[in-house]
Amino acid sequence: MKKLTTLVSALALTAGFASTAAAETSMGIVVKIGGIPWFNAMEDGIERRAKELGIDAEMIGPVSADPALQVQAIEDLIAKGVDVIGVVPNDEAALEPVLKKARDAGIIVISHEGPGLNNVDWNFELASASGFGEAHAKLFSEMTPDAGTYAVYVGSLTVPLHNAWADSAIAWMEENRPDIKIVGDRYGVAENVDDSRSTALDLIAANADLKGFLAFGSQGPIGAGRAVEERRKVGEIQVLGPFSPGQGRKMVHAGVLTGGYMWNPAQAGEVFVTLGDMLVNGETLEAGMDIPGLGIINPDVEAKDIITDNLLEINEQTVDELADKGL
(Lines give C-alpha, C1' and ligand atoms only; values in the text may rest on other atoms or scores of the structure.)
Protein backbone atom coordinates (compact mmCIF):
# COMPACT_ATOMS: atom_id res chain seq x y z
CA MET A 1 0.00 0.00 0.00
CA LYS A 2 2.87 2.32 0.80
CA LYS A 3 4.33 1.74 -2.68
CA LEU A 4 0.95 2.46 -4.26
CA THR A 5 0.59 5.69 -2.26
CA THR A 6 4.08 6.74 -3.31
CA LEU A 7 3.26 6.00 -6.96
CA VAL A 8 0.02 7.98 -6.81
CA SER A 9 1.84 10.91 -5.18
CA ALA A 10 4.54 10.80 -7.85
CA LEU A 11 1.94 10.76 -10.63
CA ALA A 12 0.12 13.66 -9.03
CA LEU A 13 3.37 15.61 -8.77
CA THR A 14 4.17 14.85 -12.40
CA ALA A 15 0.70 15.95 -13.44
CA GLY A 16 1.19 19.12 -11.45
CA PHE A 17 4.39 19.90 -13.34
CA ALA A 18 2.66 19.17 -16.65
CA SER A 19 -0.21 21.46 -15.70
CA THR A 20 2.24 24.23 -14.80
CA ALA A 21 4.07 23.81 -18.11
CA ALA A 22 0.80 23.83 -20.03
CA ALA A 23 -0.23 27.03 -18.24
CA GLU A 24 2.71 28.99 -19.66
CA THR A 25 1.46 31.84 -21.86
CA SER A 26 2.03 31.10 -25.54
CA MET A 27 2.33 33.76 -28.23
CA GLY A 28 2.97 33.86 -31.97
CA ILE A 29 3.83 37.08 -33.81
CA VAL A 30 3.42 37.15 -37.59
CA VAL A 31 5.47 39.84 -39.33
CA LYS A 32 5.51 41.08 -42.92
CA ILE A 33 8.49 39.11 -44.14
CA GLY A 34 11.28 37.10 -42.57
CA GLY A 35 15.02 37.32 -42.97
CA ILE A 36 15.50 41.08 -43.30
CA PRO A 37 17.39 43.18 -40.70
CA TRP A 38 14.34 45.08 -39.45
CA PHE A 39 12.44 41.96 -38.44
CA ASN A 40 15.58 40.16 -37.29
CA ALA A 41 15.91 42.96 -34.73
CA MET A 42 12.24 42.62 -33.81
CA GLU A 43 12.74 38.90 -33.24
CA ASP A 44 15.62 39.65 -30.87
CA GLY A 45 13.31 41.91 -28.86
CA ILE A 46 10.57 39.29 -28.77
CA GLU A 47 12.92 36.58 -27.54
CA ARG A 48 14.59 38.81 -24.96
CA ARG A 49 11.34 40.01 -23.40
CA ALA A 50 9.75 36.56 -23.52
CA LYS A 51 12.69 35.16 -21.57
CA GLU A 52 12.35 37.93 -18.96
CA LEU A 53 8.63 37.25 -18.47
CA GLY A 54 8.71 33.47 -18.83
CA ILE A 55 6.52 33.43 -21.92
CA ASP A 56 6.67 31.00 -24.84
CA ALA A 57 6.83 33.44 -27.77
CA GLU A 58 7.90 32.98 -31.37
CA MET A 59 8.07 35.19 -34.45
CA ILE A 60 6.85 33.88 -37.80
CA GLY A 61 8.29 35.63 -40.86
CA PRO A 62 6.83 34.57 -44.24
CA VAL A 63 9.23 34.08 -47.16
CA SER A 64 7.60 36.95 -49.06
CA ALA A 65 5.34 39.92 -48.32
CA ASP A 66 2.26 37.97 -49.44
CA PRO A 67 -0.89 38.55 -47.34
CA ALA A 68 -1.99 34.96 -48.03
CA LEU A 69 1.12 33.69 -46.23
CA GLN A 70 0.25 35.79 -43.19
CA VAL A 71 -3.29 34.40 -43.22
CA GLN A 72 -1.93 30.85 -43.29
CA ALA A 73 0.50 31.57 -40.46
CA ILE A 74 -2.34 32.93 -38.31
CA GLU A 75 -4.51 29.91 -39.16
CA ASP A 76 -1.67 27.69 -37.93
CA LEU A 77 -1.42 29.63 -34.67
CA ILE A 78 -5.18 29.32 -34.13
CA ALA A 79 -4.91 25.57 -34.65
CA LYS A 80 -2.09 25.43 -32.08
CA GLY A 81 -4.31 27.21 -29.57
CA VAL A 82 -1.92 30.01 -28.61
CA ASP A 83 -3.03 32.59 -26.07
CA VAL A 84 -1.91 35.65 -28.04
CA ILE A 85 -1.43 36.42 -31.73
CA GLY A 86 0.56 39.47 -32.80
CA VAL A 87 0.68 40.73 -36.37
CA VAL A 88 2.42 43.36 -38.49
CA PRO A 89 0.02 43.37 -41.46
CA ASN A 90 0.78 43.48 -45.16
CA ASP A 91 -2.93 43.87 -46.01
CA GLU A 92 -5.42 44.79 -43.31
CA ALA A 93 -8.52 43.76 -45.28
CA ALA A 94 -7.08 40.33 -46.07
CA LEU A 95 -6.43 39.65 -42.39
CA GLU A 96 -9.74 40.77 -40.89
CA PRO A 97 -11.58 37.41 -41.33
CA VAL A 98 -8.80 35.28 -39.85
CA LEU A 99 -8.22 37.71 -36.98
CA LYS A 100 -11.96 37.58 -36.22
CA LYS A 101 -11.66 33.79 -36.20
CA ALA A 102 -8.80 34.09 -33.70
CA ARG A 103 -10.74 36.37 -31.38
CA ASP A 104 -13.85 34.17 -31.64
CA ALA A 105 -11.61 31.34 -30.43
CA GLY A 106 -10.71 33.41 -27.35
CA ILE A 107 -7.25 34.41 -28.56
CA ILE A 108 -5.97 37.90 -27.76
CA VAL A 109 -4.90 39.78 -30.90
CA ILE A 110 -2.36 42.63 -30.91
CA SER A 111 -1.20 44.48 -34.02
CA HIS A 112 1.60 46.89 -34.85
CA GLU A 113 1.51 49.10 -37.96
CA GLY A 114 -2.16 48.18 -38.29
CA PRO A 115 -4.16 51.25 -37.22
CA GLY A 116 -7.11 50.36 -39.46
CA LEU A 117 -7.64 46.82 -38.17
CA ASN A 118 -10.94 46.15 -36.41
CA ASN A 119 -10.53 42.59 -35.16
CA VAL A 120 -7.81 43.31 -32.61
CA ASP A 121 -7.71 43.91 -28.89
CA TRP A 122 -5.09 46.65 -29.34
CA ASN A 123 -2.87 48.16 -32.03
CA PHE A 124 0.27 50.01 -30.96
CA GLU A 125 2.54 52.45 -32.78
CA LEU A 126 5.85 53.97 -31.75
CA ALA A 127 5.22 57.01 -33.97
CA SER A 128 2.12 58.75 -35.28
CA ALA A 129 1.41 58.25 -38.99
CA SER A 130 1.17 61.97 -39.71
CA GLY A 131 4.26 62.87 -37.69
CA PHE A 132 6.37 60.16 -39.31
CA GLY A 133 5.43 61.11 -42.87
CA GLU A 134 5.81 64.84 -42.28
CA ALA A 135 9.20 64.43 -40.60
CA HIS A 136 10.59 62.77 -43.73
CA ALA A 137 9.00 65.36 -46.05
CA LYS A 138 10.47 68.23 -44.03
CA LEU A 139 13.93 66.68 -44.07
CA PHE A 140 13.71 66.11 -47.81
CA SER A 141 12.64 69.72 -48.33
CA GLU A 142 15.58 70.99 -46.28
CA MET A 143 17.96 68.95 -48.42
CA THR A 144 16.39 70.01 -51.73
CA PRO A 145 16.54 73.75 -52.41
CA ASP A 146 15.73 73.55 -56.13
CA ALA A 147 12.56 72.65 -58.02
CA GLY A 148 12.16 69.25 -59.61
CA THR A 149 10.46 65.91 -59.05
CA TYR A 150 10.54 63.14 -56.45
CA ALA A 151 9.33 59.56 -56.11
CA VAL A 152 7.59 57.81 -53.22
CA TYR A 153 8.03 54.15 -52.29
CA VAL A 154 5.88 52.01 -49.98
CA GLY A 155 6.24 48.36 -49.00
CA SER A 156 3.22 47.55 -51.11
CA LEU A 157 0.06 49.36 -52.11
CA THR A 158 -1.85 47.41 -49.44
CA VAL A 159 0.45 48.05 -46.45
CA PRO A 160 -1.75 50.41 -44.42
CA LEU A 161 0.77 52.33 -42.37
CA HIS A 162 3.29 52.82 -45.19
CA ASN A 163 0.55 54.37 -47.27
CA ALA A 164 -0.57 56.57 -44.38
CA TRP A 165 3.02 57.82 -44.06
CA ALA A 166 3.12 58.45 -47.80
CA ASP A 167 -0.21 60.30 -47.71
CA SER A 168 1.10 62.56 -44.97
CA ALA A 169 4.43 63.23 -46.70
CA ILE A 170 2.81 63.95 -50.06
CA ALA A 171 0.24 66.30 -48.49
CA TRP A 172 3.02 68.21 -46.72
CA MET A 173 5.02 68.51 -49.94
CA GLU A 174 2.01 69.73 -51.90
CA GLU A 175 1.33 72.44 -49.34
CA ASN A 176 4.88 73.52 -48.59
CA ARG A 177 6.93 72.64 -51.70
CA PRO A 178 4.64 72.86 -54.74
CA ASP A 179 7.76 73.39 -56.86
CA ILE A 180 8.73 69.74 -56.32
CA LYS A 181 6.24 67.43 -58.05
CA ILE A 182 5.65 63.76 -57.35
CA VAL A 183 6.43 61.28 -60.15
CA GLY A 184 3.42 59.04 -60.69
CA ASP A 185 1.70 58.21 -57.41
CA ARG A 186 3.75 55.70 -55.39
CA TYR A 187 5.60 52.48 -56.02
CA GLY A 188 5.02 49.34 -53.92
CA VAL A 189 8.57 48.02 -53.94
CA ALA A 190 10.11 49.01 -50.62
CA GLU A 191 10.19 45.58 -48.98
CA ASN A 192 12.58 44.28 -51.66
CA VAL A 193 16.06 45.68 -52.36
CA ASP A 194 16.22 44.49 -55.96
CA ASP A 195 12.76 45.82 -56.87
CA SER A 196 13.58 49.15 -55.23
CA ARG A 197 16.86 49.39 -57.11
CA SER A 198 15.44 48.51 -60.54
CA THR A 199 12.50 50.89 -60.12
CA ALA A 200 14.90 53.66 -59.10
CA LEU A 201 17.11 53.04 -62.13
CA ASP A 202 14.06 53.39 -64.40
CA LEU A 203 12.90 56.56 -62.66
CA ILE A 204 16.35 58.17 -62.81
CA ALA A 205 16.57 57.40 -66.55
CA ALA A 206 13.10 58.80 -67.25
CA ASN A 207 13.27 61.96 -65.09
CA ALA A 208 16.24 64.26 -65.61
CA ASP A 209 14.99 66.58 -62.84
CA LEU A 210 14.54 63.84 -60.21
CA LYS A 211 15.60 65.23 -56.83
CA GLY A 212 14.92 62.38 -54.47
CA PHE A 213 13.19 59.29 -53.11
CA LEU A 214 10.98 59.13 -50.04
CA ALA A 215 11.07 55.39 -49.39
CA PHE A 216 8.73 54.02 -46.71
CA GLY A 217 9.77 50.42 -46.14
CA SER A 218 13.13 49.32 -44.76
CA GLN A 219 14.53 47.93 -48.03
CA GLY A 220 13.40 50.89 -50.15
CA PRO A 221 16.15 53.34 -49.17
CA ILE A 222 18.80 50.65 -49.60
CA GLY A 223 17.68 49.72 -53.10
CA ALA A 224 17.13 53.31 -54.24
CA GLY A 225 20.49 54.26 -52.74
CA ARG A 226 22.26 51.57 -54.75
CA ALA A 227 20.69 52.91 -57.94
CA VAL A 228 21.73 56.48 -57.12
CA GLU A 229 25.26 55.27 -56.44
CA GLU A 230 25.39 53.31 -59.70
CA ARG A 231 24.28 56.32 -61.73
CA ARG A 232 26.77 58.57 -59.91
CA LYS A 233 24.02 60.84 -58.63
CA VAL A 234 25.19 60.97 -55.01
CA GLY A 235 24.51 64.46 -53.68
CA GLU A 236 22.18 65.24 -56.58
CA ILE A 237 19.40 62.82 -55.66
CA GLN A 238 18.41 62.52 -52.00
CA VAL A 239 17.31 59.18 -50.54
CA LEU A 240 15.36 59.24 -47.28
CA GLY A 241 13.29 56.82 -45.27
CA PRO A 242 13.35 54.29 -42.44
CA PHE A 243 16.01 51.60 -42.77
CA SER A 244 18.15 49.35 -40.61
CA PRO A 245 21.21 51.38 -39.50
CA GLY A 246 23.40 48.28 -39.59
CA GLN A 247 22.40 47.66 -43.19
CA GLY A 248 22.74 51.27 -44.31
CA ARG A 249 25.58 52.72 -42.23
CA LYS A 250 28.20 52.63 -45.02
CA MET A 251 25.77 54.30 -47.42
CA VAL A 252 25.05 57.03 -44.87
CA HIS A 253 28.75 57.78 -44.40
CA ALA A 254 29.23 57.76 -48.18
CA GLY A 255 26.45 60.34 -48.57
CA VAL A 256 24.27 57.94 -50.54
CA LEU A 257 21.53 57.84 -47.91
CA THR A 258 20.55 61.29 -46.71
CA GLY A 259 19.02 59.83 -43.56
CA GLY A 260 15.59 59.37 -42.10
CA TYR A 261 13.68 58.37 -39.01
CA MET A 262 12.87 55.06 -37.42
CA TRP A 263 11.81 53.48 -34.19
CA ASN A 264 13.55 50.55 -32.62
CA PRO A 265 12.06 47.33 -34.06
CA ALA A 266 13.55 45.36 -31.16
CA GLN A 267 11.62 47.66 -28.83
CA ALA A 268 8.44 46.94 -30.82
CA GLY A 269 9.09 43.22 -30.37
CA GLU A 270 9.39 43.72 -26.62
CA VAL A 271 6.13 45.69 -26.56
CA PHE A 272 4.28 42.87 -28.32
CA VAL A 273 5.29 40.48 -25.53
CA THR A 274 4.69 42.97 -22.72
CA LEU A 275 1.17 43.81 -23.89
CA GLY A 276 0.38 40.16 -24.51
CA ASP A 277 1.42 39.26 -20.98
CA MET A 278 -0.60 42.11 -19.48
CA LEU A 279 -3.77 41.24 -21.40
CA VAL A 280 -3.54 37.50 -20.67
CA ASN A 281 -3.32 38.41 -16.98
CA GLY A 282 -6.46 40.51 -17.22
CA GLU A 283 -4.89 43.95 -16.92
CA THR A 284 -6.78 46.93 -18.36
CA LEU A 285 -4.79 49.50 -20.35
CA GLU A 286 -5.57 52.97 -19.07
CA ALA A 287 -4.37 56.52 -19.62
CA GLY A 288 -1.34 57.42 -17.54
CA MET A 289 0.07 53.91 -17.34
CA ASP A 290 3.83 53.66 -17.87
CA ILE A 291 4.42 50.60 -20.05
CA PRO A 292 7.98 49.42 -20.79
CA GLY A 293 8.86 50.24 -24.39
CA LEU A 294 5.94 52.62 -24.83
CA GLY A 295 6.27 55.03 -21.92
CA ILE A 296 3.24 56.92 -20.61
CA ILE A 297 0.23 55.95 -22.71
CA ASN A 298 -3.00 57.71 -23.59
CA PRO A 299 -4.91 54.93 -25.39
CA ASP A 300 -7.75 55.59 -27.82
CA VAL A 301 -10.17 53.00 -26.44
CA GLU A 302 -12.72 53.37 -29.24
CA ALA A 303 -10.13 52.95 -32.01
CA LYS A 304 -8.12 50.42 -29.95
CA ASP A 305 -4.94 52.38 -30.71
CA ILE A 306 -1.95 53.18 -28.51
CA ILE A 307 0.28 55.75 -30.19
CA THR A 308 3.47 57.10 -28.66
CA ASP A 309 6.37 59.16 -29.97
CA ASN A 310 9.57 57.12 -29.93
CA LEU A 311 11.25 58.40 -33.11
CA LEU A 312 14.98 58.03 -33.64
CA GLU A 313 16.76 60.13 -36.28
CA ILE A 314 19.21 58.30 -38.55
CA ASN A 315 22.06 60.47 -39.80
CA GLU A 316 25.84 60.49 -39.98
CA GLN A 317 26.11 61.36 -36.28
CA THR A 318 23.74 58.67 -35.01
CA VAL A 319 23.94 55.76 -37.46
CA ASP A 320 26.97 54.03 -35.90
CA GLU A 321 25.57 54.11 -32.39
CA LEU A 322 22.24 52.73 -33.62
CA ALA A 323 23.96 50.04 -35.67
CA ASP A 324 26.15 49.06 -32.71
CA LYS A 325 22.97 48.40 -30.74
CA GLY A 326 22.15 45.72 -33.27
CA LEU A 327 19.56 47.76 -35.21
Side-chain angles (χ1 to χ4, degrees), residues 65 90-91 113 115-116 127-243 248 251-252 254-262 311 313-316:
N90 280 314
D91 185 332
E113 299 187 32
S128 70
S130 59
F132 196 73
E134 287 181 6
H136 283 91
K138 290 175 182 177
L139 183 58
F140 173 55
S141 178
E142 291 171 8
M143 299 294 178
T144 313
D146 300 326
T149 59
Y150 74 106
V152 173
Y153 282 2
V154 291
S156 83
L157 301 182
T158 61
V159 175
L161 199 56
H162 288 195
N163 284 278
W165 296 336
D167 289 342
S168 177
I170 292 167
W172 191 93
M173 291 294 293
E174 287 176 348
E175 181 176 353
N176 295 278
R177 290 301 303 272
D179 57 320
I180 307 178
K181 308 292 185 184
I182 189 170
V183 174
D185 182 14
R186 63 196 70 177
Y187 301 86
V189 295
E191 295 293 6
N192 185 289
V193 170
D194 292 334
D195 291 346
S196 295
R197 171 187 165 275
S198 61
T199 301
L201 289 172
D202 291 342
L203 289 168
I204 292 169
N207 299 275
D209 63 346
L210 190 68
K211 299 298 182 184
F213 293 89
L214 289 178
F216 298 114
S218 66
Q219 302 305 293
I222 305 299
R226 289 180 183 176
V228 168
E229 196 168 25
E230 286 176 39
R231 291 293 178 261
R232 297 191 174 97
K233 296 288 186 179
V234 176
E236 297 178 40
I237 297 178
Q238 310 299 325
V239 182
L240 297 93
F243 56 89
M251 300 175 80
V252 171
V256 178
L257 296 182
T258 306
Y261 298 89
M262 64 174 289
L311 279 185
E313 184 170 358
I314 317 170
N315 55 39
E316 195 169 6

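On a predicted model such as this, the values are computed, not experimentally measured, just so you know.
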Engineer: Step through it carefully: locate the ring centre of Phe140, locate the ring centre of His136, and say whether they are under 6.0 Å apart.
Structural biologist: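 No, the ring of Phe140 stays outside the 6.0 Å limit from the ring of His136, centre to centre.
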Engineer: Could you check if a side-chain atom of Ile222 sits within less than 4.5 angstrom of a side-chain atom of Leu257, using non-hydrogen atoms only?
Structural biologist: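 The answer is yes, as the side chains (C-beta and beyond) meet within the 4.5 Å cut-off.
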Engineer: Minimum heavy-atom separation for Phe243 and Val252, please, with both atom names.
Structural biologist: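 For Phe243 versus Val252, the nearest heavy atoms are CZ-CG2, 3.6 Å.
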Engineer: Search all heavy atoms of Pro221 against all heavy atoms of Leu240 and return the closest pair with its distance.
Structural biologist: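 Taking every non-hydrogen atom into account, CG-O, 4.3 Å.
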Engineer: What distance separates Asp179 CG from Thr149 OG1, expressed to the nearest 0.5 Å?
Structural biologist: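 So the gap between those two atoms works out to 11.5 Å.
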Engineer: For Asp167, what residues pass the salt bridge (Lys or Arg N to Asp or Glu O under 4.0 Å) criterion, not counting sequence neighbours?
Structural biologist: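 Asp167: salt bridge (Lys or Arg N to Asp or Glu O under 4.0 Å) contacts with Arg186.
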Engineer: Using side chain to side chain contact (heavy atoms under 4.5 Å, CB included) as the criterion, point out the one residue from Val152, Val228, Thr199 that pairs with Phe213.
Structural biologist: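 The passing option is Val228.
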Engineer: Classify the ring geometry between Tyr153 and Tyr187 as parallel (under 30°), tilted (30 to 60°) or perpendicular (over 60°).
Structural biologist: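 Answer is perpendicular, since the angle exceeds 60°.
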Engineer: Taking atom CD1 of Ile204 and atom CD of Glu230, what is their separation to the nearest 0.5 Å?
Structural biologist: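 Here the rounded value is 8.5 Å.
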Engineer: Mark yes or no for whether Asn163, through its side chain, and Gly155, through its backbone, hold a donor-acceptor pair below 3.5 Å.
Structural biologist: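 Side chain of Asn163 to backbone of Gly155: no pair is present.
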Engineer: Search all heavy atoms of Gly255 against all heavy atoms of Val234 and return the closest pair with its distance.
Structural biologist: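 Between these two residues, the closest heavy atoms are O-CG1, 3.4 Å.
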Engineer: Taking side chain as C-beta onward, heavy atoms only, is Tyr261 less than 4.5 Å from Leu139?
Structural biologist: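 They are in contact (side-chain heavy atoms under 4.5 Å apart), so the answer is yes.
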Engineer: Once rounded to the nearest 0.5 Å, what's the spacing between atom CD1 of Ile180 and atom CD of Glu174?
Structural biologist: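 Going from CD1 on Ile180 over to CD on Glu174, the span is 12.5 Å.
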Engineer: To the closest 0.5 Å, what do you measure between CG (Asn176) and NZ (Lys138)?
Structural biologist: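 Those atoms lie 8.0 Å apart.
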Engineer: Is Met143 close to Lys211 at the side-chain level, that is, under 4.5 Å between some pair of heavy atoms?
Structural biologist: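 Lys211 vs Met143: side chains apart.
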Engineer: Determine the minimum heavy-atom distance between Pro178 and Lys181, stating which atoms define it.
Structural biologist: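 Where Pro178 meets Lys181 most closely, the heavy atoms are O-NZ, 2.9 Å.
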Engineer: For the atom pair CD (Glu236) and CZ (Arg231), what is the distance rounded to the nearest 0.5 Å?
Structural biologist: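 So the CD of Glu236 and the CZ of Arg231 are separated by 13.0 Å.
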Engineer: Under a 3.5 Å distance rule, please check whether Arg226 uses its side chain to pair with a backbone N or O of Val193 as donor and acceptor.
Structural biologist: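 Answer holds: no.
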Engineer: Does the side chain of Ile182 reach to within under 4.5 Å of the side chain of Met173, using non-hydrogen atoms?
Structural biologist: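 No, their side chains stay 4.5 Å or more apart.
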Engineer: Look only at the side chain of Thr144 and the backbone of Ser141, and say whether a donor-acceptor pair between them is shorter than 3.5 Å.
Structural biologist: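 No, Thr144 side chain to Ser141 backbone: no donor-acceptor pair under 3.5 Å.
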Engineer: Verify, without hydrogens or angle tests, whether Ser168 (side chain) and Ala164 (backbone) share a donor-acceptor contact under 3.5 angstrom.
Structural biologist: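 A pair under 3.5 Å: no.
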Engineer: State whether the side chain of Asn207 and the backbone N or O of Leu210 hold a donor-acceptor pair below 3.5 Å, judged by distance alone.
Structural biologist: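 Absent.
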Engineer: If you take all heavy atoms of Ser196 and Gly223, which pair is closest and at what distance?
Structural biologist: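 Shortest heavy-atom contact: CB-CA, 3.8 Å.
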Engineer: To the nearest 0.5 angstrom, please state how far the CD atom of Gln238 sits from the CG atom of Leu214.
Structural biologist: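 Between atom CD of Gln238 and atom CG of Leu214 there are 10.5 Å.
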Engineer: Identify the two heavy atoms, one from Pro160 and one from Asn90, that lie closest to each other, and give their separation to 0.1 Å.
Structural biologist: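 Scanning both residues, the minimum pair turns out to be CD-O, 4.2 Å.
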